[in-house]
Amino acid sequence: MNAELTAYASNAMSGPLLLAAAAFTCLLLPLFFKALRGTQGIMALSAVLVVLSFIKRAPLTEISCFNGALLLSPAAAYLWAFTFAVLAFIILLSLYRPPAQPDSGGEYYFLLLMAALGLVTLMAAGDLFTAFIALELLSLPLYALAGIRRSKPGLEAAYKYFMLGAFGSAITVMGIALLNATHPDLAFAALMKAGAPEPLALAGFVLIIAGFAFKTALVPFHMWVPDVYEGAPTQISAFMGAAVKAGGVIILWRIFRIFEYGPIRELFWWLAVITVVAANLLALAQTSLKRLLAYSSVAHAGYLAVAFFGGQRGFEAVLYYLPVYAMATIGAFAVVLVLEKGEKGPVIDDLAGLARTHPWLAAAMAAFMFSLAGVPPLAGFFAKFFAFSAAVNSGNTALVAVAVIMSAVSMYYYLRVTVAMYMKPAAAGATCGAPGAAEAVIFTMAAGVILAGVFSKPVLTLAAAAARWF
Amino acid sequence: MNAYPLAAISYALFALAAAGFLTCGSLVRMLMFLELMLNAANIAIVALGPQPASQAYALMLFAVAAAEAGVGLALIIAMASAFKTLEAENIKDLKG
């Protein structure tokens, strides 16, 4: 490794290390200096902004760090920038309305930054075992974050997430054990070279895929999603939808592309079909806005799995899809946060007449819904278009036909939200908070959803350049 | 020493623990079955792992299992004080 690459690697690695340091600062400093209580959010936000500034244009090569455990490449830089940006917006939303009691110390930000640290490690992981450890570092803080309000819905969400998540982790470990019996080297690059797996290793792969499908929320491993999204603090639901799913998708793609054909492909095919169909049908019946967004997040995981079948072009679409989906999701959850009064968030009818009382908020929410539904010229349309066209071009017409039909079905429930806002009379006493950090987030996301659609070419070029390094 | 009997034990333990996890209704028992599943997987890694690295994986997995037990117990304590029960069937505030 020459000096330039070493300099880049140490610069890039200082980002996550700084994040860890900031997490402990948020946790410990207010314990010693009482004057600093209540400023943990500002500390966390400034640390994330500093970490974002550490992201530099990566040299066009793959740098293997820590004996291959982490791979730094333009792809990792792209995904890290994405994660840190999402994290910054989540912290902004948490500043607007803190999910935990203000005197509860910095554990909320500590857990959030630790989860982000796990996520960036997961995205750059070079072997399956590192990916598993990173997944645990991501999941354990999230279990606690889901229940951080210690209210009944929050704790129920946390326990469901914990039990099913830990069950998924145990299955992943067993899968790694089975795979390890025949493949001593668990690096993704080595697994690619290993050729067709024996039955034992195949069983291992199936278990590992099941474990990661739990985190990515593919049907039939999605049972926890609606309850957790509904009971967890809205900021955390937004983080789970926007960022955590991305981590699972990256690892599933790394496993998916090991197999050109064979049973694992079939497995992914069925996962994609069942997810897309079941999630969209289940979403039709929802009345709670947070549950609706939860099922929508499951459905979008299905579209991402469809995009896998487009090969390299499909993965370019995935890398474009992730930020586009994240913007619409964070924006929609921010609107939920502004409107929510109880712990479980508003129902769809609470949005009635929003267009009259808060026209700009309603317009932004409509933009998010149309982007999620895939209406041109919003970014969500181009994301779906790139994803589906890549899959068609590699000959998976039946799969894409199912996805397109179900995407049309999804119009119904996204439109229901818009209809409630624009066509129904306002409910009495429909008020919401004063302008603040949440509104800033909402309008930034709305602008992003529109701009990433209108200027889809440059963003896609960026995503394509990153996808080449997987 | 032949590793296969050990591997067979770990599979049986894993299957039994998974079945117990899915059928029992108490949160504490579910957590214990989870730990059993992780330990069974750990035995499988030690028994089948062909390399020193696999034995190191097992050590790291101890830490993961301990962290998981820590978070799980903390959650169970918080739930016991909020819900006054630890039977899963009595905890359904959210539509399941």
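Since the structure is predicted, the reported quantities are computational estimates derived from the model, not experimental observations.
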Search all heavy atoms of B:Leu48 against all heavy atoms of A:Ala177 and return the closest pair with its distance. CD1-O, 4.1 Å

Show the numbers, then the answer: is there a side-chain contact (heavy atoms from CB on, under 4.5 Å) between B:Ile76 and A:Phe162? CA-CA 11 Å; B:Ile76 284 177; A:Phe162 172 77; over 6 Å; no

Are the side chains of B:Val64 and A:Ile133 in contact, using a 4.5 Å heavy-atom criterion? yes

If you look at every heavy atom in A:Met174 and B:Tyr11, which pair is closest and at what distance? CE-CD2, 3.3 Å

Looking only at heavy atoms, what is the nearest atom pair of B:Met37 and A:Ile171, with distance? CE-CG1, 4.4 Å

Measuring heavy-atom distances to chain B, does A:Leu137 have an atom under 4.5 Å in its side chain, in its backbone, in both, or in neither? neither

Got a second to check how far B:Ser54's OG is from A:Ile176's CD1, nearest 0.5 Å? 11.0 Å

Between B:Leu34 and A:Met163, does the side-chain contact (heavy atoms from CB on, under 4.5 Å) criterion hold? Intermediate values first, please. CA-CA 8 Å; B:Leu34 265 180; A:Met163 287 300 174; 4.1 Å; yes

For B:Ala88 against A:Tyr159, the heavy-atom pair lying closest together: CB-OH, 3.5 Å

For chain A, the option from B:Ile43, B:Ile45, B:Leu31 that forms the most heavy-atom pairs under 4.5 Å: B:Ile45

CE (B:Met79) and CZ (A:Arg150) are apart, to the nearest 0.5 Å, by 12.5 Å

Please test A:Val173 against B:Tyr57 for side-chain contact (heavy atoms from CB on, under 4.5 Å), starting from the C-alpha separation and ending with a verdict. CA-CA 10 Å; A:Val173 180; B:Tyr57 290 166; over 6 Å; no

More than 12 non-hydrogen atoms from neighbouring residues, nucleotides or ligands closer than 6.0 Å to CD on B:Glu87, yes or no? yes

Which answer fits B:Leu27, side chain, backbone, both or neither, if we ask what part of it has an atom under 4.5 Å from a heavy atom of chain A? both

Smallest heavy-atom separation, B:Ala78 atom then A:Leu155 atom, equals O-CD1, 3.6 Å

Output the distance between atom CG (B:Leu61) and atom CD (A:Glu136), rounded to the nearest 0.5 Å. 9.0 Å

Counting heavy-atom pairs under 4.5 angstrom with chain A, the leader among B:Ala40, B:Gly72, B:Ala74, B:Ala47 is B:Gly72

Any chance CG of B:Asn90 has more than 12 other-residue heavy atoms, nucleotides or ligands included, within less than 6.0 Å? yes

Could you state the interatomic distance from CZ (B:Phe14) to CG (A:Leu178), rounded to the nearest 0.5 Å? 8.5 Å

Residues, nucleotides or ligands: over 12 heavy atoms within 6.0 Å of A:Glu198 CD: no

A side-chain contact here means heavy atoms from C-beta on lying under 4.5 Å apart; do B:Met30 and A:Phe167 qualify? no

